[in-house]
K.L.:
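Handing you a structure now.
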Protein chains: 2
Amino acid sequence: MSLKKKVSMAVVRRLPRYYRYLADLLKLDITRISSKELSMRMGITASQIRQDLNCFGGFGQQGYGYNVEFLYNEIGNIMGLNNRYQTIIIGSGHMGKALANYENFEKRGFKLVGIFDINPEVVGGSIKDIQIYHIDTLEEYVKTERVDIAILSVPYEQTPLVADRVARLGIKGLWNFSPMDLKLPYGDIVIENVHLSDGLMVLGYNMNQKMLSSKKTGD
Amino acid sequence: MSLKKKVSMAVVRRLPRYYRYLADLLKLDITRISSKELSMRMGITASQIRQDLNCFGGFGQQGYGYNVEFLYNEIGNIMGLNNRYQTIIIGSGHMGKALANYENFEKRGFKLVGIFDINPEVVGGSIKDIQIYHIDTLEEYVKTERVDIAILSVPYEQTPLVADRVARLGIKGLWNFSPMDLKLPYGDIVIENVHLSDGLMVLGYNMNQKMLSSKKTGD
DNA sequence: TAGATTGTTAATCGATTAACAATC
DNA sequence: TAGATTGTTAATCGATTAACAATC
C-alpha cells in the first residue's frame, strides 16, 4: 500500500498522461487493456508502463491485463484528485479568465470556488457563476472557506508579494502562471511553475533543426 | 558550428529556461556570468550548464565566464527565434483569446499575423489589431501570407480535421492546446502538444504526498 | 490445463556529476 | 604571471528496456 521507495518525478509526470489515455478508453467502453496494447496507443514501451504502475502497487492481473476503470480511479487517487481540491484563481486577466473557463479542471476533480482581482471594475462580477472578489479580501475569505490551491496569474511585479500572502495563509498548492519562477522558501507550499512560451520555443528549436538538416541534404 | 551528435530532448527542454534567466540578467545590467553563479541562481549544477551549452558550441571563455548578451542571442538563434516565425491562432475561444493577448510571444520573436474562427459573430473583428478571419478562408490566406506556426485551440471533435488541414498547407509547426494528443503522421509537421491540466495533476500528486507523509509522522 | 500477461529482477542505455587539463 | 573558469573526459548515478519466473 505505502511506497517502498521515493517515486521519481519522471514517473510522476507520466501519470497525467496515463490518466488521459485511460479516460479515452473509458469513453470507448473498453473495460480491460494489456500493457502491450496501451504501449502501442501511447507510443511508449509496455515494460515502462508495468514498471511505472508497479511503483504504486500491483494494479493488474496476470493473463488478463488491467481493468481500465479500476486503474483510472487508482491513478486519480494517487494524484489526490479524490481530495476534490478547492481552488481559487488570483488575477482575472486574459489568462485567468481562460483558466476559469477551462472545463478540464472541474472534470479532473478540482473545484473552482473563487476568483480574486485588484481591479475594482471587475470585482463584484463573476465568471461561470464564480464570484470575483477584491484581492484585499483574500485573507478574510480564507478564514471561512477551505482553499487548497491558488492559481496565480498576475503581472511580474506583483508575483512575489501575492505568492507570499498565499503561502502565509496556509494554502498548500500554488500553480504559478506568472512569468517568474517561484522557488520553495515560501513555507511549506508545493509549487508548480508554468511557462507557456517554453513549449513554443522548443517547437521553434525542432522546426529550426528540421530546416537546417533539409538545407544540408539540399532541399 | 554544426552539431557533433544529436542533442537530447532533456537538454533542449532546458534551453528556454536558460533563455529566461539570461533575459533576467540582461534586465539587471549584468554583462558576464560564470557557470557557477548561474547554477546557484537556477538551482542546477554548473557542470550541467557547461555540458548543456557545449552541445552547441563553446560560448564561454576560460577565466571569464559567459557574456550574458552574447549567450542570450546564441540560445535564441539555436531555438530559431531569429526566424521570426509567423504565427496564426486557430480557435478564438477563451484560451485562443488569452494566447492572442500574451505579450511573451512577440517578445520571444513569434509574430502573430492572423486569427481564425468558425463563429460568424467574431469573424471580422480583431484582437490587439489582429484580424479574425473565417476558418474557411484559411487555405486562401496561406496562399498569399507566409505562415510558419499554427496554434490550435479548438474543441476535441474538430481537432484532427483542423490539424490535417494545417499540415496539408505546409505549415511547419503546430502548437496544440486541444485536449487530444496529436501524433506525427500528419506529414512533415513538428508538433508540440500542451496539456495544461497535467501540471495541475502533478501539483495534486505532490500535495497528496506531503499530506500522507505528514499524517505518518503525526501532524 | 495451456495461454496470456503481469510483477520483478537483471542488463543496458543515457543523463548527470565530478575532475582536471587547457587557456584566457 | 597567477587566478579563474571553461571545455571535455571519465565516473557515477538513475531511468529505460529486456527477460523471465510467477500466476491468473
Side-chain angles (χ1 to χ4, degrees), chain A residues 1-18 21-22 25 30-75 78 202 205, chain B residues 1-18 21-22 25 30-75 78 202 205:
Chain A
M1 188 102 260
S2 92
L3 304 139
K4 292 159 195 178
K5 260 183 150 191
K6 203 185 170 300
V7 178
S8 84
M9 263 300 140
V11 174
V12 173
R13 294 208 173 272
R14 279 194 292 269
L15 291 178
R17 192 141 180 274
Y18 289 127
Y21 274 83
L22 290 166
L25 291 172
I30 295 173
T31 55
R32 51 176 274 199
I33 192 146
S34 69
S35 58
K36 176 115 180 289
E37 167 71 16
L38 187 58
S39 82
M40 290 186 304
R41 285 176 181 266
M42 295 183 66
I44 58 179
T45 66
S47 221
Q48 179 162 73
I49 292 174
R50 295 205 298 277
Q51 197 75 278
D52 282 357
L53 297 179
N54 273 88
C55 292
F56 303 101
F59 300 132
Q61 207 163 69
Q62 282 95 333
Y64 172 87
Y66 299 88
N67 177 289
V68 175
E69 192 176 1
F70 175 75
L71 186 57
Y72 175 79
N73 288 327
E74 283 295 324
I75 294 180
I78 290 164
V202 170
Y205 173 86
Chain B
M1 187 101 258
S2 90
L3 305 140
K4 294 160 196 180
K5 259 183 151 188
K6 206 188 167 297
V7 178
S8 83
M9 264 300 139
V11 174
V12 173
R13 295 209 173 271
R14 278 193 293 270
L15 291 179
R17 189 139 183 275
Y18 290 127
Y21 274 83
L22 290 166
L25 290 172
I30 295 172
T31 56
R32 53 175 276 197
I33 191 144
S34 68
S35 58
K36 176 115 180 288
E37 166 74 15
L38 187 58
S39 81
M40 290 185 305
R41 284 177 182 266
M42 295 183 65
I44 57 180
T45 66
S47 220
Q48 178 162 73
I49 292 174
R50 294 204 300 277
Q51 196 76 277
D52 282 356
L53 297 179
N54 274 89
C55 292
F56 304 100
F59 300 132
Q61 207 163 68
Q62 284 95 334
Y64 172 88
Y66 299 88
N67 178 288
V68 175
E69 191 176 1
F70 175 74
L71 187 57
Y72 175 78
N73 288 325
E74 284 296 324
I75 293 180
I78 289 164
V202 170
Y205 172 87

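In what follows, chains carry the letters A, B, and so on, assigned in the order in which the sequence lines appear, proteins first and then strands, with residues in each chain numbered from 1.
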K.L.:
For a quick test of reading the model, state the closest non-hydrogen atom pair linking B:E74 to B:F59 and the distance between them.
P.N.:
OE1-CE2, 3.5 Å
K.L.:
Is the distance from OP1 or OP2 of D:dT16 to the nearest side-chain N or O of A:R14 less than 4.0 Å?
P.N.:
yes
K.L.:
Would you sketch DNA chain C in dot-bracket for me? Only Watson-Crick or G-U wobble pairs with both distances under 3.5 Å count, crossing pairs as [ ], other-strand pairs as |, the rest as dots.
P.N.:
..||||||||||||||||||||||
K.L.:
Between protein and nucleotides 9-12 of chain D, what N or O pairs are separated by less than 3.5 Å?
P.N.:
from  : atom 1 : to    : atom 2 : distance (Å)
D:dT9 : O4     : B:Q51 : NE2    : 3.2

K.L.:
Tell me which nucleotide among D:dT16, C:dT5, D:dT6 gets nearest to the side chain of A:R32.
P.N.:
C:dT5
K.L.:
Can you give me the closest heavy-atom contact between A:A46 and A:S39, atom names plus distance?
P.N.:
N-CB, 3.4 Å
K.L.:
So does A:M42 get a backbone contact from the side chain of A:R17, meaning a donor-acceptor N/O pair under 3.5 Å?
P.N.:
yes
K.L.:
Any idea which heavy atoms bring A:S35 and A:I49 closest together, and the distance?
P.N.:
O-CD1, 3.7 Å
K.L.:
Any side-chain heavy-atom pair from B:L22 and B:V68 closer than 4.5 angstrom?
P.N.:
yes
K.L.:
Looking at A:Y66, I'd like to know whether one of its side-chain N or O atoms comes within less than 4.0 Å of OP1 or OP2 on C:dA4.
P.N.:
no
K.L.:
So if I take residues 38-47 of chain A and measure heavy-atom distances to DNA chain C, which residues fall below 4.0 Å?
P.N.:
none
K.L.:
Tell me the interatomic distance from B:L53, atom CG, to D:dT5, atom C1', rounded to whole angstroms.
P.N.:
13 Å
K.L.:
Please determine if a side-chain N or O atom of B:R50 lies less than 4.0 Å away from the OP1 or OP2 oxygen of D:dG7.
P.N.:
no
K.L.:
Looking only at side-chain atoms of A:N54, point me to the closest of C:dT5, D:dA15, C:dT8.
P.N.:
C:dT8
K.L.:
Any side-chain N or O of A:S8 below 4.0 angstrom from OP1/OP2 of D:dA15?
P.N.:
yes
K.L.:
C:dG7 P sits how many Å from A:L71 CG, rounded?
P.N.:
10 Å
K.L.:
Do B:L25 and B:Y72 have side-chain heavy atoms sitting under 4.5 Å apart?
P.N.:
no
K.L.:
Write down the distance between CG (B:D52) and P (D:dT6), rounded to a whole number of angstrom.
P.N.:
14 Å
K.L.:
For the residue pair B:Y205 and A:L15, what are the closest heavy atoms and their distance?
P.N.:
CD1-CD1, 4.1 Å
K.L.:
If we only count heavy atoms from C-beta on, is the B:F56 to B:V11 side-chain gap below 4.5 Å?
P.N.:
yes
K.L.:
If you assign A:M9 and A:Y64 each to the DNA chain D nucleotide with the nearest heavy atom, which residue ends up on the more 5' nucleotide?
P.N.:
A:M9
K.L.:
Is there a side-chain polar atom (N or O) of B:Q48 under 4.0 Å from OP1 or OP2 of C:dT16?
P.N.:
yes
K.L.:
Which one, C:dG7, C:dA22, C:dC20, comes nearest to the side chain of A:Q62?
P.N.:
C:dG7
K.L.:
When you measure from the side chain of B:R32 to the backbone N and O of B:Y64, does any donor-acceptor pair fall under 3.5 Å?
P.N.:
yes
K.L.:
Is there a side-chain contact between B:L53 and B:Y66 (heavy atoms, below 4.5 Å)?
P.N.:
yes
K.L.:
Write down the atom of A:N54, the atom of A:G58, and the distance for their closest heavy-atom approach.
P.N.:
ND2-CA, 4.1 Å
